[in-house]
Amino acid sequence: MSEASDTMGILHQNLIDAGCGKDLIEACMELAKANKWNRLLPLLSKHRINL
């Protein structure tokens, strides 16, 4: 389990828990590392709709 201060580790685990596939997780992590949240959120919204 990730420590509370490990933001990227927590994000990664949350994506796994949300049922995201490997490609989506990789894309989200790259966008998060680049601080491009405005591009990441639509990807997660699309995943949520598909659930």
Side-chain angles (χ1 to χ4, degrees):
M1 176 165 270
S2 301
E3 291 187 33
S5 62
D6 180 16
T7 304
M8 289 299 157
I10 293 169
L11 174 59
H12 188 265
Q13 186 60 51
N14 283 338
L15 293 169
I16 293 169
D17 293 345
C20 297
K22 180 182 173 190
D23 292 339
L24 180 57
I25 291 172
E26 288 177 8
C28 289
M29 294 303 294
E30 288 301 316
L31 290 170
K33 289 176 188 174
N35 203 29
K36 295 184 178 181
W37 300 102
N38 59 332
R39 292 183 52 202
L40 188 150
L41 294 176
L43 292 177
L44 294 177
S45 292
K46 184 177 178 181
H47 176 69
R48 182 177 184 211
I49 288 168
N50 290 328
L51 291 175

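Hydrogens, waters and symmetry mates are skipped; everything else that's a heavy atom, side chains included, is used.
The structure places CG of D17 at 11.5 Å from CD1 of I10, a figure rounded to the nearest 0.5 Å.
The minimum heavy-atom distance between M8 and M29, with the atom names listed, is O-CE, 3.4 Å. Considering all non-hydrogen atoms of both residues, L43 and A27 come closest at CD1-CB, 4.3 Å.
Cluster membership check: I49 does not share its hydrophobic cluster with L44, using side-chain heavy-atom separations under 4.5 Å among Ile, Leu, Val, Met, Phe, Trp and Tyr.
A 4.5 Å side-chain heavy-atom check between L51 and H47 finds at least one atom pair inside the cut-off. For the pair I16/H12, a side-chain contact is recorded, criterion being any heavy-atom separation below 4.5 Å from C-beta on. Put simply, the side chain of L15 does not reach to within 4.5 Å of the side chain of L24, judged on heavy atoms. C28 has its side chain out of reach of L11: every pair of non-hydrogen atoms, C-beta onward, lies at least 4.5 Å apart.
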